[in-house]
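One structure is given below, encoded as structure tokens.
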Amino acid sequence: MTDLDALARRLRAELGPDQVITDRQELRTYECDGLAHYRVVPAIVALPHTAAQTAAVVKACVEARVPFVARGSGTGLSGGALPHADGVLIVTAQMRRILGVAPEDERAVVEPGVINLQVTRAATPHGYYYAPDPSSQQICSIGGNVAENSGGAHCLKYGFTTNHVTGLQFVAPDGNLVRIGGRAEDPPGYDLLGAFVGSEGTLGIATEVTVRLTRLPESVRTLLAAFPGVDQAGAATSAIIAAGVVPAAIEMMDALAIEAAEAAVACGYPAGAGAVLIVELDGPAAEVAAQFDQVTALCEQSGAFEIRIAADDAERALFWKGRKSAFAAVGRISPDYIVQDGVIPRTALPQVLRKIDDLAAENGVRVANVFHAGDGNLHPLVLFDDGVPGEAERAEATSGAIIDLCIEYGGSITGEHGVGADKAKYMPRMFGDDDLDTMQLLRCAFDPDGLANPGKIFPTPRLCGERPGRHRAADAFPDAEVF
Amino acid sequence: MGALDELTRPATDDDHVGGVPARLVASPASTAEAAALIADAGDVTVVVRGAGTKIHWGPPPDRLDLIIDTTRLNGVVEHAAGDLITVIRAGTPLADLSLGDQQLVLEGPTGATVGGTVATNTSGPLRLHYGTVRDLLIGITVVRPDGKVARSGGKVVKNVAGYDLGKLFTGSYGTLGLITECAFRLHPLAVSRLYVRTTAPASAVAAVLGAQVVPSALEIDSASGELAVLLEGTATGVRERASVVEKLIGGEISEEAPAWWGVAPWSADGIGMKLSVPKSRVPALTESGFPVRGSAGTGVLYAAPRDITEVERLRALCVTAGGHAVVLTAPPPIRDILDMWGPVPGLVLMRRIKEQFDPGRRFAPGRFVGGI
Ligand SMILES: Cc1cc2nc3c(=O)[nH]c(=O)nc-3n(C[C@H](O)[C@H](O)[C@H](O)COP(=O)(O)OP(=O)(O)OC[C@H]3O[C@@H](n4cnc5c(N)ncnc54)[C@H](O)[C@@H]3O)c2cc1C
């Protein structure tokens, strides 16, 4: 009997037989997350029902010196939940109770497997909602959001997951349950909450999350502005920000992205638009009314040839439908595509978009642009046909070059999808050796044996306790099949 | 001659931390100079000092050789108005910032530096709407206790590349290294602001939070029985919202904040405490008989207990309410026998973090939670 067989037996004894999977066929369900071209079949999948069971699984892994990887809904786009071939995948999907909704404290307490949108659904009857709204909010888990520090269209005004988590219970990589923060703010000591949120499952597994609830706005108004091209739409974005307006969201789509969205969901955007902006304002009615007129005028001055104002919720939903379905929609106009996620300073938008165009032309691929214009978070979709020899490589090269552009302009290699397995190789382009080494001091404090989601974020693991000794993990995932 | 000899001067009588005298003082003028100094400082024990407005906060260090004074690490490196961000050197006084029609919403005692504000994580009334240091800091440059320079985050607001070390250094009281530069997100200055001032009971806080008026601050001062709400926005918007609040909780609309607004309730030689409770427990705290003042809208308030018994009673109130309470400052005889930090969940991990960053315990030893 191998060590892994022994571990599976132990887990079955502790969790119950239904909560441990070792059947090869069933394991395949978990071989990838939303980044489907990396695949690794895990040795064992465990489905704990409680924090105590999660801790028991981690303890067992620690004792067997077996790596473990957390997985929520598996919608991650950076391979963060990519399993380890000789490890345990700990799936939180069975921990999906909303433990409390406390409008009087403006908090909700939920288990990690709870779906993002369910928190808002539970809070809405009380006049509240959960502000971070990734486009995947109907399917992604709060635990995954915490791990990725997920954002969404409305994060321009309301901030990211990290600004909305005030308490956590998690299983540390040594198997101990730790509780930090809660309903009150500013817990004493180092900001472990701040360290944990965004750590992509490398500092432990969240088992209970206390989130802020935000009062529903009195008024929401949305406009859709059509421009001849991205330059004018970019100028409008800058003008709105320069005017001191903080919209809830400013989203942009270029001609190719609009074409895809029309093909997929017939959102009926103005014909002939080279770019559209969706601008949403929310807040007290009097403020929204005043600023909405200002925003409309700024769009016109920047060259918008048509502005539609959502008359009701149905029309607003239609504006958003095109935007929110954009990723999947490009499937209608291209057999294959890569979703990129990078950030640039908002003011560099026009230059960077031009350079992306040049890159696409040089490499003979098409790039559709959909992005959170307000905070400079680009999501270029690089379209290609895997059936054409060499196209996949050219698409990959284009996508990588876009990341270099983001760095060149003082931005970031990821705004919301995380580093995961996919972008660890880009980390040294954004950070120096000492920067990465320092980040890993934190990892060493939490996980000296490197068992929690190894190989993610950092291209070169640090040997904890030995300075400056390091070893190269040239190939972090030798077992990964790359499709 | 090494960087330590070149950059230091002998300490004077004023160069002490909580009564522990330093031998040497250095005022590096750049990150590189600070790094050379620290790399050369071997087993020298260090406390970082900004303008010294909070140097008496926290317990005194167990030992002290060198004070690193940040006041020459001064100035705005970059203010990208179109991107609503700025990069500032740690020793820059908050009051020296001039950002046009934009603002960096950090709040601290008069004279406080950017670095000191980050290191002690101070906040004020505006935290209700704008958050605190952790919500505004988007990038940080630090010198580690071994002299290595490290950065995390960057200059864009949206960024999830790597661990967020800025959060770790926020409120770390100089125990993990020297902060030399910080990048922050900015906010536009509001065109118009109005206060609604009333003597409503603390239970009115819930009514304001429940209304959809989006206050920028919601402060209470239990000694005077006053409650004050700050509204910011467009001129018409603010007027309308202020009258909604006035109808809700009474009082009067004013262009002036009350005198106690944002002022710490303790005297220079008194005990100062920071209390934090879930919002629904604010009324109970204000009715506890201890005068408290602060952000009723977030549940973070301040008190000036007179003695250790009162400290313990206030702390017990907060802890049973699901919060916590720390003593920020106390006069020496009390400080020496007091548990300033109170119970700290997660202490085991915090100790391990300290051990990784500063294995020799050379940066501000004994100043932080659990004797870190
Ligand atoms: C169509 C689509 C649209 C998307 N839009 C957005 C968007 O707008 N904004 C955005 O930010 N992201 C977006 N994403 C990415 C993804 O949905 C988010 O990263 C999400 O937070 C992942 O949640 P999950 O539950 O699927 O996590 P998973 O994919 O299962 O895991 C993600 C990471 O979290 C870790 N993890 C999971 N649960 C835990 C836990 N309990 N404790 C510790 N670590 C854990 C995993 O190990 C992994 O590293 C989108 C994805 C898709 C497919």
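Proteins come first, then strands; the chains are lettered A, B, ... in the order of their sequence lines, and each starts at number 1.
Once rounded to the nearest 0.5 Å, the distance linking CD1 of A:Ile344 with NZ of B:Lys155 reads 13.5 Å. The CZ atom of B:Arg144 sits 5.0 Å away from the CG atom of A:Asp437 when rounded to the nearest 0.5 Å. Rounded to the nearest 0.5 Å, atoms CD (A:Glu287) and CD (B:Glu240) are 8.5 Å apart. Rounding to the nearest 0.5 Å places CG of A:Asp435 at 8.5 Å from CG of B:Leu165. In this structure, the separation between CE on B:Met350 and CG on A:Leu192 is 4.0 Å, given to the nearest 0.5 Å. With values rounded to the nearest 0.5 angstrom, A:Phe170 atom CZ is found 5.0 Å from B:Leu349 atom CG.
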Taking only distance into account, with no hydrogens and no angle test, what donor-acceptor pairs under 3.5 Å do side-chain atoms of residues 424-431 of chain A form with protein atoms, sequence neighbours excluded?
residue: A:Lys425; atom: NZ; partner: A:Asp422; partner atom: O; Å: 2.8
residue: A:Arg429; atom: NH1; partner: A:Asp404; partner atom: OD1; Å: 2.6
residue: A:Arg429; atom: NH1; partner: A:Asp404; partner atom: OD2; Å: 3.0

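Using a 4.5 Å cut-off on side-chain heavy atoms (C-beta onward), A:Arg346 and B:Leu84 make contact. Considering only heavy atoms from C-beta on, A:Thr438 stays 4.5 Å or farther from B:Tyr163 through its side chain. Between B:Arg127 and A:Asp186 the shortest side-chain heavy-atom distance falls below 4.5 Å. At least one side-chain heavy atom of B:Asp135 sits less than 4.5 Å from a side-chain heavy atom of A:Asn163. Using a 4.5 Å heavy-atom cutoff, the side chains of B:Val160 and A:His417 are not in contact. Two residues are said to be in side-chain contact when any heavy atoms from C-beta on lie closer than 4.5 Å; A:Gln291 and B:Thr234 meet this criterion.
Per-residue counts of heavy-atom pairs under 4.5 Å with chain A were compared for B:Lys279, B:Lys167, B:Lys158; the largest is that of B:Lys158. Contact count versus chain B (heavy atoms, under 4.5 Å) is highest, among A:Ala242, A:Pro187, A:Gly159, for A:Pro187. Of all the listed residues (A:Ala195, A:Gly189, A:Ser238, A:Gly432), the one sharing the greatest number of non-hydrogen pairs under 4.5 Å with chain B is A:Gly189. In terms of non-hydrogen atom pairs under 4.5 Å with chain A, the most contact-rich of B:Gly237, B:Gly171, B:Gly177 is B:Gly237. The residue among B:Ala161, B:Gly323, B:Cys318, B:Gly299 with the most heavy atom pairs within less than 4.5 Å of chain A is B:Ala161. Annotation: maximal heavy-atom pairing with chain A below 4.5 Å, among B:His187, B:Gln102, B:Lys274, occurs at B:Lys274. For the set A:His126, A:His372, A:Glu200, the entry with the most heavy-atom pairs within less than 4.5 Å of chain B is A:His372. The residue among A:Met439, A:Arg443, A:Glu416, A:Glu104 with the most heavy atom pairs within less than 4.5 Å of chain B is A:Met439. Your options are A:Asn176, A:Ile457, A:Val245, A:Asn377, and the one with the most heavy-atom pairs under 4.5 Å with chain B is A:Asn377. For the set B:Pro345, B:Pro278, B:Pro188, the entry with the most heavy-atom pairs within less than 4.5 Å of chain A is B:Pro278. When each of B:Gly210, B:Gly166, B:Gly342, B:Ala325 is scored by its heavy-atom pairs under 4.5 Å with chain A, the top score falls to B:Gly210.
Using a 4.5 Å cut-off between heavy atoms, B:Val157 touches chain A through backbone and side chain atoms alike. There is no contact between A:Phe196 and chain B, counting heavy-atom distances below 4.5 Å. B:Leu209 touches chain A through backbone and side chain together, each having a heavy atom under 4.5 Å away. Contact annotation for B:Ala206: neither backbone nor side-chain heavy atoms come within less than 4.5 Å of a heavy atom of chain A. Interface residue A:Leu193: backbone and side-chain heavy atoms are both found under 4.5 Å from chain B. For A:Pro217, the part lying under 4.5 angstrom from a heavy atom of chain B is the backbone only. Within the 4.5 angstrom heavy-atom criterion, only backbone atoms of B:Ala211 (N, CA, C, O) approach chain A. Contacts between B:Glu232 and chain A at a heavy-atom distance below 4.5 Å involve the backbone alone (N, CA, C, O). Both the backbone and the side chain of B:Thr175 come within contact range of chain A, with heavy atoms under 4.5 Å apart. Heavy atoms closer than 4.5 Å to chain A are found in the side chain of B:Arg241, but not in its backbone. Neither the backbone nor the side chain of B:Arg351 comes within less than 4.5 Å of any heavy atom of chain A. Only the side chain of B:Val326 comes within contact range of chain A, with heavy atoms under 4.5 Å apart. Neither the backbone nor the side chain of A:Thr166 comes within less than 4.5 Å of any heavy atom in chain B. When heavy atoms are compared at a cutoff of 4.5 Å, B:Arg185 approaches chain A solely by way of its side chain, counted from C-beta outward. Using a 4.5 Å cut-off between heavy atoms, B:Val348 does not touch chain A at all.
The shortest non-hydrogen separation linking A:Gly194 to B:Asp164 is O-CB, 4.3 Å. In plain terms, the two heavy atoms of B:Val156 and A:Pro345 that are nearest each other are CG1-N, 3.7 Å. A:Ala445 approaches B:Gln356 most closely through the heavy-atom pair N-CG, 3.7 Å. Heavy atoms only, all atoms of each residue included: B:Val214 and A:Pro284 are closest at CG2-CD, 3.6 Å. Considering every non-hydrogen atom in both B:Asn159 and A:Ser412, the closest pair reads OD1-OG, 2.6 Å.
The backbone N or O of A:Leu216 lies less than 3.5 Å from a partner atom in the side chain of B:Gln212, making a donor-acceptor pair.
Under the 4.0 Å criterion applied to side-chain N and carboxylate O atoms, A:Asp174 and B:Arg352 are assigned as salt-bridge partners. The pair B:Arg134-A:Asp191 counts as a salt bridge, with a side-chain nitrogen and a carboxylate oxygen less than 4.0 angstrom apart.
A tilted orientation is assigned to the rings of B:Phe368 and A:Tyr190, their planes being inclined by 30° to 60°.
Of all residues spanning residues 178-185 of chain A, those with a heavy atom less than 4.5 Å away from chain B's heavy atoms are A:Val178, A:Arg179, A:Ile180, A:Arg183, A:Ala184, A:Glu185, arranged by number.
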